[in-house]
Amino acid sequence: MFKTPLAALCGAALICGGVASPGFAQTAAGSAVRGSATTEQSQQDRESSRSNREAAESQGRIRTPRRQRQAAAADPAVIMAEAQAVLTAVGNDCTPTEAAFMGQDDQHQKVYEVACAAGTGPGYIMVAKIAPATPELLDCVLLSGQAERLRAANPAAEADTCKLPGNQNPLGIITGYAQAAGITCAIDQGMSIGRNAGKDVYEVGCNGADGYWVERDDNGVWTKTECTIITAQNANCRFTTTGEIAASFKTRLVGTAADDCDVTQVRFMGANNNGRFYEAKCAAEGVGYIARTNGEGAVQQVYACATAARIGGGCTLTTAAPAASNE
């Protein structure tokens, strides 16, 4: 008997520990920023800021700093130099191509936004903390994904995003992440779906094919998990349809005993030391297969549903008559 998918694949890109929905906890200690007011109003603002902060943290949202006032005009070269100094202070590899001064927070700490050269970073909103505190960087791609989820739930919701022109293509950044994870499909959609155990997780959609979740570990290594597996865990792939999953699995069956199967539905069954197991339902009435693949997804063996009753409980998508006994 093979293990359940979570038990077998938690070490891969599959997110474990309560991921029925992709609303992972996202924490980044931003600074609440307010406008100038009387002492009494300032106290009220602080209490309101604290309430907003607690509400944001309870909902797992990244909080971005509010500007205290409109940033005064400044020399772009000076702003770029100051932004670079913040990046250098935290050892970030971003090579800034654009920088903007956003103002100050309520602790009089300067706030910047930077866009990064391709391959050097996703772009950031940065809080230049007063020494000896470490500057804080908020990832523009994570902010974009958070805003998209908030607006999907409530179109009127206030959602903070990065504003520089160079930070307006989160899909381009995510595509680079997916390629680093070994994904070769034609990516047509993508977004940050949150954080898990300090790791950023993204979803990518493929044109006409199964999509993926991708995750980067603490060593910078990217891994991927196909949406066929993600959906088996009752999580949601927004950018992948049942038809795309079926089309992808049909290509896996080419050259096997099941290559004539016009796949209409796929179910991930689980995994053991011998590989991963999937059920494929075919368009032909009563025809289906269980396929065993290796870790890279290549089919190693197929079993007709009529003879596969002992494999993981047998087929459930296909009603097939048991094979005739030779006894």
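Side chains included, hydrogens not; waters and symmetry mates left out as well; all remaining heavy atoms used.
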Just how far is it from atom CG of N272 to atom CZ of F277, taken to the nearest 0.5 Å?
4.5 Å
Any donor-acceptor pair under 3.5 Å linking the side chain of E148 with the backbone of M191?
no
Can any side-chain N or O of N219 pair as donor or acceptor with the backbone N or O of V221 at less than 3.5 Å?
no
If you take all heavy atoms of I174 and S192, which pair is closest and at what distance?
CD1-N, 3.8 Å
Report the residue from W213, W222, Y212 that forms a ring pair (Phe, Tyr, Trp, His ring centres under 6.0 Å) with Y177.
W222
side-chain contact (heavy atoms from CB on, under 4.5 Å) evaluation trace for R238 with I193:
CA-CA 10 Å; R238 297 170 176 82; I193 56 175; 3.6 Å; yes
If you take all heavy atoms of A257 and Y289, which pair is closest and at what distance?
O-OH, 4.0 Å
C116 meets the side chain to side chain contact (heavy atoms under 4.5 Å, CB included) criterion, sequence neighbours left out, with C94, T120, Y124
Side chains of V204 and T175, heavy atoms from C-beta outward: is any pair under 4.5 Å?
no
Quick one: do L143 and C162 satisfy side-chain contact (heavy atoms from CB on, under 4.5 Å)? Show the steps, please.
CA-CA 7 Å; L143 287 172; C162 296; 4.0 Å; yes
Option passing side-chain contact (heavy atoms from CB on, under 4.5 Å) with V114 (candidates M126, M80, E98)
M126
Judged by atom type as modelled, is there a donor-acceptor pair below 3.5 Å linking the side chain of K224 to the main-chain atoms of G182?
yes
Taking the side chain as every heavy atom from C-beta outward, state whether D217 and T223 have any pair of such atoms under 4.5 Å apart.
no
pair E82-V78: side-chain heavy atoms closer than 4.5 Å:
yes
Any salt bridge linking K163 with E113? Criterion: basic side-chain nitrogen under 4.0 Å from a carboxylate oxygen.
no
Under the rule for side chain to side chain contact (heavy atoms under 4.5 Å, CB included), what residues qualify as partners of Y303, not counting sequence neighbours?
I290, R292, Q301, A308, I311
Is the shortest side-chain heavy-atom distance between F239 and N207 below 4.5 Å?
no
So do the side chains of L142 and R195 get within less than 4.5 Å of each other, counting heavy atoms only?
yes
Nearest-0.5 Å distance that lies between atom OH in Y278 and atom CG in L253:
11.5 Å
Would a 4.5 Å heavy-atom cut-off, applied to side chains only, mark V287 and C261 as touching?
no
Nearest atoms (heavy-atom pairs only) where V214 meets A181:
CG1-CB, 3.9 Å
Does any N or O in the side chain of E279 come within less than 3.5 Å of the main-chain N or O of L317, such that one atom is a donor and the other an acceptor?
yes
Do E226 and T240 touch side chain to side chain, with heavy atoms closer than 4.5 Å?
no
Would you mind reporting whether E136 and Q109 have side-chain heavy atoms less than 4.5 Å apart?
no
Might you point out which heavy atoms bring P135 and A89 nearest each other, and give the distance in Å?
CG-CB, 4.2 Å
